[in-house]
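Chain naming here is simple, since letters A, B, ... match the order of the sequence lines and numbering starts at 1 in each.
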Amino acid sequence: MLKKERFRRFIEYFTQHYPDPKTELHFSNPFELLAAVILSAQCTDKRINQISPALFARFPEPESLAAASVEEVFSYIRSVSYPNNKAKHLVGMAKAVMERFGGEIPATVEELQTLPGVGRKTAHVILSVVYNEPTMAVDTHVFRVSHRLGLAPLTATTPLAVEKALMAHVPKQYVPKAHHWLILHGRYICVARLPKCERCDLRDFCKYYEKNRINALV
DNA sequence: ATCCCGAGGG
DNA sequence: CCCTCTGGAT
């Protein structure tokens, strides 16, 4: 199947079944989303949503978080992965936002990536979710599912290479949606271990299914 | 044992 | 490129 046809099938299927996909992280403003995404690294959204209400109640904006001690922030996030690093990142992010951006979350990839704890993936999530900009954040799900469905070549061995492959073929108006589609599919159907191919409607053109159809049917 | 919407540092 | 961080669910 031609690559163009793969993307067409991918977009057609999800447009029909998930017309308005959204992040599962709970937030009510860009600051909360940024904090939640920083915390979400190597951690489930469900866990982040369990601890974020208390965190956001105590630190409702960058100003209070910037003034907080790393130890106090740690006490709110101790149950997420890498709490030491993330507590430092959150306080450092808030201080940088106060000192360099007047308390407002910046709106460009370059500026976002200067914030502690914010890499390319996190920056793109903010731009995509808050501003609906056509940027493709490549996380573990996007990376894995893109390869399996043949949306990115196996020679794309880095997140940046997968990002470029996707951006080359996903129409701009679908980029923010495609990001969430790949995550939802990766989280619930196309999981890392023993993907649920019997529940996947895209298996007829899936490279992973084609190669592993015996195991996948067990 | 493996994975979860990674980033920073060497 | 590699390694570290290192909680919780399955």
Side-chain angles (χ1 to χ4, degrees), chain A residues 14 18 21-27 30 32-52 54-55 70-71 73-97 106 109-149 151-152 155-163 166-167 170 175-196 208 215:
Chain A
F14 282 106
Y18 298 94
K22 293 180 289 187
T23 178
E24 294 184 353
L25 289 170
H26 297 167
F27 68 99
E32 291 187 359
L33 176 65
L34 181 54
V37 176
I38 289 173
L39 288 171
S40 72
Q42 297 298 101
C43 192
T44 59
D45 286 5
K46 183 176 294 184
R47 172 139 301 278
I48 302 308
N49 291 335
Q50 287 173 354
I51 63 103
S52 63
L55 181 72
V70 172
E71 289 75 17
V73 176
F74 176 88
S75 71
Y76 284 86
I77 66 170
R78 59 167 62 254
S79 70
V80 309
S81 52
Y82 317 136
N84 278 302
N85 284 348
K86 289 174 180 175
K88 292 176 191 168
H89 289 161
L90 286 179
V91 175
M93 175 275 283
K95 285 182 175 175
V97 167
V109 187
E110 293 75 17
E111 290 175 323
L112 282 165
Q113 278 199 249
T114 67
L115 301 175
V118 180
R120 187 175 185 83
K121 179 261 177 181
T122 299
H124 279 184
V125 168
I126 301 303
L127 293 177
S128 176
V129 173
V130 176
Y131 304 103
N132 199 35
E133 285 190 23
T135 61
M136 181 62 72
V138 177
D139 61 25
T140 181
H141 293 307
V142 174
F143 191 83
R144 180 183 66 255
V145 177
S146 294
H147 283 146
R148 286 180 176 172
L149 289 178
L151 302 178
T155 53
T157 56
T158 66
L160 182 59
V162 170
E163 175 189 325
L166 293 173
M167 290 301 289
V170 177
V175 168
K177 291 177 184 288
H179 164 72
H180 291 303
W181 286 335
L182 289 166
I183 287 174
L184 289 173
H185 196 57
R187 185 177 294 164
Y188 297 112
I189 302 291
C190 196
V191 295
R193 275 185 301 173
L194 297 178
K196 307 174 191 307
Y208 178 92
N215 292 335

For nucleotides 1-10 of chain B, just jot down a letter per nucleotide in 5' to 3' order: B, S or -, based on protein non-hydrogen atoms under 4.0 Å. -BSBBBSS--
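Between A/Y18 and A/H180, the gap from one ring centroid to the other reaches at least 6.0 Å.
With A/S40 contributing its side chain and A/V37 its backbone, the two residues share a donor-acceptor pair below 3.5 Å. The backbone N or O of A/N49 sits nowhere less than 3.5 Å from a side-chain atom of A/H26 that would complete a donor-acceptor pair. Between the side chain of A/K86 and the backbone N or O of A/S81, at least one donor-acceptor pair lies under 3.5 Å. Judged by distance alone, the side chain of A/R144 and the main-chain N or O of A/G186 form a donor-acceptor pair under 3.5 Å.
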Dot-bracket assigned to DNA chain B with the 3.5 Å Watson-Crick/G-U criterion, [ ] for crossing and | for other-strand pairs, is ||||.||||.
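Taking atom NZ of A/K86 as the reference point, atom C1' of C/dT4 lies 14 Å away to the nearest angstrom.
Distance noted for atom P between C/dT4 and B/dC5: 24 Å (whole Å).
Every salt bridge (Lys or Arg N to Asp or Glu O under 4.0 Å) that A/E24 has, sequence neighbours left out, goes to A/R187.
Nucleic acid contact for A/P159: none, since no nucleic acid atom lies under 4.0 Å from a heavy atom of the residue.
Ring planes of A/F14 and A/W181: parallel class, angle under 30° (limits at 30 and 60°).
Projected onto DNA chain C by closest heavy-atom contact, A/Q50 and A/N84 fall at different nucleotides, the more 5' of which corresponds to A/N84.
Interatomic distance, NZ of A/K88 versus CZ of A/F74, reported as 10.5 Å (0.5 Å rounding).
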